[in-house]
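Comments concern the structure below.
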Number of protein chains: 2
Amino acid sequence: MATDFLSSAAAIVGNESFLTGDTTAPYCADKRGRYTGSALAVVFPADTQQVAEIVRLCAANLIAIVPQGGNTSLCGGSVPLSEGRQIVLNLSRMKRIRAVDPVNYSMTVEAGCTLADARAAAEQHNRLFPLELTAILDYCEIGGNLSTNAGGNGVLRYGNARDLVLGLEVVLPDGRIWNGLRGLRKDNSGYDLKHLFIGAEGTLGIITAAVLKLFPRPQSGATAIVAITDPAIAVRLLAHVRATCGDTLSAFEIVSRSSLDIVLRHVPGTAEPFAKRHEYYLLIQSSDVLPRPLDGALRNAIQSFGAGIQEFAVTADADAAEEWWKLRKNISDAQKREGISIKHDISVPVSRIAEFIARADAELHAAYPGVRIVAFGHMGDGNIHYNASMPDAAQNKILIAQQEGTVNRLVYEVVRELGGSISAEHGLGQLKRETIREYKEPLELELMRGIKQVFDPHGLMNPGKVL
Amino acid sequence: MATDFLSSAAAIVGNESFLTGDTTAPYCADKRGRYTGSALAVVFPADTQQVAEIVRLCAANLIAIVPQGGNTSLCGGSVPLSEGRQIVLNLSRMKRIRAVDPVNYSMTVEAGCTLADARAAAEQHNRLFPLELTAILDYCEIGGNLSTNAGGNGVLRYGNARDLVLGLEVVLPDGRIWNGLRGLRKDNSGYDLKHLFIGAEGTLGIITAAVLKLFPRPQSGATAIVAITDPAIAVRLLAHVRATCGDTLSAFEIVSRSSLDIVLRHVPGTAEPFAKRHEYYLLIQSSDVLPRPLDGALRNAIQSFGAGIQEFAVTADADAAEEWWKLRKNISDAQKREGISIKHDISVPVSRIAEFIARADAELHAAYPGVRIVAFGHMGDGNIHYNASMPDAAQNKILIAQQEGTVNRLVYEVVRELGGSISAEHGLGQLKRETIREYKEPLELELMRGIKQVFDPHGLMNPGKVL
């Protein structure tokens, strides 16, 4: 039966788009090597029809399916488990940009289109597709972006992936194709199904195409780097800048001293932004469709803020701005080179960020004297990446090996008390599949299981993820 | 059993919040008197706990529930059917504004809070809650706004109700309370359940509270009124203004000659905007958080557009602008006084609006020579209100009595061919419950029924609506 299944699958996609045995390995492990699984085969369908046929074949044979795009998940969401019978269904061949409608500010792309290509296509038509995951732009794909409701740097101004979708095409777990590819901004003709698939991490169906929302392209920008002593000042500055620069505010990121140190240590071509070393840095971006200077307003906004700002600089020059942005964009890479840390991707209401950092810092310093905390991220939308490690390599090994759960619990308790989420951006995947049960209402999990039962009663779609 | 049920219900909410018999009549009919039903009782719970108890009582007795807010539905969605055993559960006592968090740009309100009160509360904290249904601001309530995914004039800039919600509190059909009241902009910790209830028109559960998204308050504005000959020019002008005025563009509405005539005829204090009579008028609004003049940019944008604009005027004066806006805001009221018409609330991609109007006009003029078409609405987001009647009263009576279905079908076929929706804003309610089956994929309806089955297996929540 297995042989019949495999040869049928190969017949659908073609032998050159069908892998089995050792060649499946790169598609069965995540990029950090933390999750390794196995698959009967990896298939690369050419179009939605082939996806549907593969899914029908799998459903008939009760073989599970792991949908995969760029395989950039940080929670093991896009690789197979090590047990069970499954295939990996990789969407990367489906790169077509099916249509661009600049007047409607929309664009229809297939799930395998990379984020970089989607953004480039929009730019060619003088539009902006604002989803921005700078580190993985060339590798991550739209299908994955939508399945994980990706965030990135642009959420403050443009929203999450969820806010950038007008319609979807989805292959359901029984192989039927739901064509919901509408380019409408207003459509109240029944339940909104697309929002179930967005953020479902491939557990309810396979997104094969989407109608994306486009925006006018910014033609001017200004960037500020601001040194402060305390995140509490950042929260107030954010409100101040929003009130004074309004809708031009497009990013507001925080970088801790420890984050900057790691970047300076590991990333060539980076330097301290000021002569003095400071505790926290903010990167503020404003942009506008109109080609008018924005640096004046940004400078005035910061100058008028009052006490709390140690020093700052503002530029309208894109290259100068990029020197500062490098300090923020390279933190994840720098952390990889520094070594392993216990990572948290949390969100709290913006008004409680300073409280989160202060309390979580206190908890961890008390429990693990000398612990180093690297905190950085999307201050403007409440999402902080909060990572802990011991500076001494031997101590760190022990911390990682024995204390990860305890560290998580200390941090997540603060998050819970402040009404936050233990998974702001990255999703649950395999990583947080069990942990989430301690932090989510049982009723909510029950409703999720009910929905899963409607779409995927046999549990074949990305098993072991999310639920 | 009925007596036991009624006395139990009265005991939960209190006798003064319990109606039965004749006193239920105003709550069992819609404002236009097109839908009249009957209910065993109308209850007015004071809080979420009472809502839950009522729902549990109804579930135990298999009595259906019609959730009701301001009862402003245009499709019979908020009144009971004339058959069956049901109660009306009116949320209007639950008006509390539970919390405002200006730093987090969020606000938690109960479902019975009127849209006007919600907006006022935001304004008190120097924030904007941008949902704007001008005609019914003081009557419609947040619960209904969210259950119908209300649109309004602000969608172009701020999105639909769906885009303005961070979290919900919902009483499920079995009486359990789902507390999803989170004020987070990023939360990828499972399926997004709130989007099921938003736009579900009360058929999956009762929204009892919501965390709403707030925005900086605009401090400057400019308005333009533009006379054109053809909607096709409007579509191009919209793209031009978006590209040149960018994010300050906050409304873009179209008014046909026929719409304006009806307003001038029935609404005191209105006048032709120009000396010459024109075929179509556009109302364009730009606004900004910064107190800077916007009329110059708007004037330049229109002046630089090129051929196609008959004449135009721009003002930064709010009172002058209101004179123009009256011409748009009063169309629905004026239509009521003019008489009955066959109404359509449709959307197509913005790029196809001109085509829709041209083709639908042609179809109707061919089938009904002399028909008058009143077309107006939210050009900027593709939603046109498109209403047909005969100028002669006797002929109109015949048209309404005999031709409504045929007129609908002619219009909806054009909508279907252009990839649009037959219900852009108002929802399905009772009105389009059957019609939608001709215009929606059977698969989509099947998935909707599957979801309905998960939440409301006994079909007690607002029966006869949507599905």
Side-chain angles (χ1 to χ4, degrees), chain A residues 101 103-104 106 148-149 151 155 160 162-163 176 178-180 182-193 195-196 198-200 216 235 239 242-243 246-247 288-290 347 349-351 381-383 419-428 436 440-441 443-444 447-448 450-451 454 466, chain B residues 101 103-104 106 148-149 151 155 160 162-163 176 178-180 182-193 195-196 198-200 216 235 239 242-243 246-247 288-290 347 349-351 381-383 419-428 436 440-441 443-444 447-448 450-451 454 466:
Chain A
D101 188 345
V103 177
N104 192 42
S106 66
T148 58
N149 185 31
V155 173
N160 296 295
R162 188 181 291 291
D163 305 301
R176 288 185 296 173
W178 171 49
N179 182 355
R182 295 186 275 271
L184 307 173
R185 266 133 183 107
K186 279 176 148 173
D187 183 7
N188 283 337
S189 59
Y191 303 156
D192 196 311
L193 299 174
H195 281 299
L196 277 177
I198 299 169
V235 175
R242 260 199 109 161
D247 295 307
D288 200 338
V289 173
L290 298 174
S347 65
V350 175
S351 46
D381 52 59
N383 172 208
S421 167
I422 69 166
S423 173
E425 276 193 305
H426 300 157
L428 302 179
I436 194 60
K440 224 177 202 3
E441 265 196 56
L443 176 55
E444 201 158 329
L447 295 176
M448 283 171 56
I451 291 163
V454 171
V466 181
Chain B
D101 187 345
V103 177
N104 192 43
S106 65
T148 57
N149 184 30
V155 173
N160 296 294
R162 188 181 292 291
D163 305 302
R176 287 186 295 174
W178 171 49
N179 182 354
R182 296 187 274 272
L184 306 173
R185 265 133 183 108
K186 279 176 149 172
D187 183 7
N188 283 338
S189 58
Y191 304 155
D192 195 309
L193 298 174
H195 282 297
L196 277 176
I198 300 170
V235 175
R242 259 201 108 162
D247 294 310
D288 200 339
V289 172
L290 299 176
S347 64
V350 174
S351 46
D381 53 59
N383 172 206
S421 166
I422 68 167
S423 172
E425 278 194 303
H426 299 158
L428 302 179
I436 193 61
K440 222 175 203 359
E441 265 196 58
L443 175 54
E444 201 157 329
L447 294 177
M448 283 171 57
I451 290 163
V454 170
V466 181

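In the text below, chain A, chain B and the rest are named by the order of the sequence lines, each starting its count at 1.
A side-chain donor-acceptor contact under 3.5 Å links A:N160 to the backbone of B:R185. Here the side chain of A:S347 pairs no donor or acceptor atom with the backbone of B:L184 at under 3.5 angstrom.
Annotation for A:N104 and B:V350: closest pair OD1-N, 2.8 Å, computed over non-hydrogen atoms. Summarising the geometry of A:S421 relative to B:K186, their closest heavy-atom pair is CB-O, 4.3 Å, with the distance given to 0.1 Å. Scanning both residues, A:G190 and B:M448, for their nearest heavy atoms gives CA-CE, 3.6 Å. Taking each heavy atom of B:V289 and A:A243 in turn, the nearest pair found is CG1-O, 3.2 Å.
From B:D247, atom CG reaches atom CG of A:D288 across 6.5 Å, with rounding to the nearest 0.5 Å. Atoms OG1 and CG, from A:T148 and B:N188 in turn, are 7.0 Å apart once rounded to the nearest 0.5 Å. The distance from the NE2 atom of B:H195 to the CG atom of A:D192 is 7.5 Å, given to the nearest 0.5 Å.
For the set A:P216, A:P349, A:A239, the entry with the most heavy-atom pairs within less than 4.5 Å of chain B is A:P349. With respect to chain A, the highest number of heavy-atom pairs below 4.5 Å among B:I198, B:D163, B:L196 belongs to B:L196. Between chain B and the options A:V235, A:N179, A:I422, heavy-atom pairs under 4.5 Å are most frequent for A:N179. Comparing B:V466, B:N149, B:I436 by heavy-atom pairs within less than 4.5 Å of chain A, the highest count is held by B:N149.
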- Step by step, work out the side chain to side chain contact (heavy atoms under 4.5 Å, CB included) result for B:Y191 and A:L447. CA-CA 9 Å; B:Y191 304 155; A:L447 295 176; over 6 Å; no
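For chain A, the nearby part of B:V454 is the side chain; its heavy atoms alone come within less than 4.5 Å. Contact of B:E441 with chain A is made through the side chain alone, with heavy-atom distances under 4.5 Å. When heavy atoms are compared at a cutoff of 4.5 Å, B:R182 approaches chain A solely by way of its side chain, counted from C-beta outward. For B:D101, the part sitting under 4.5 Å from any heavy atom of chain A is the side chain, from C-beta outward, and nothing else. With a threshold of 4.5 angstrom between heavy atoms, B:L428 approaches chain A through its backbone and through its side chain.
Qualifying side-chain hydrogen bond (donor to acceptor under 3.5 Å, both in side chains) partners for B:S189, counting only residues two or more places apart in sequence or in other chains: A:K440, B:D187.
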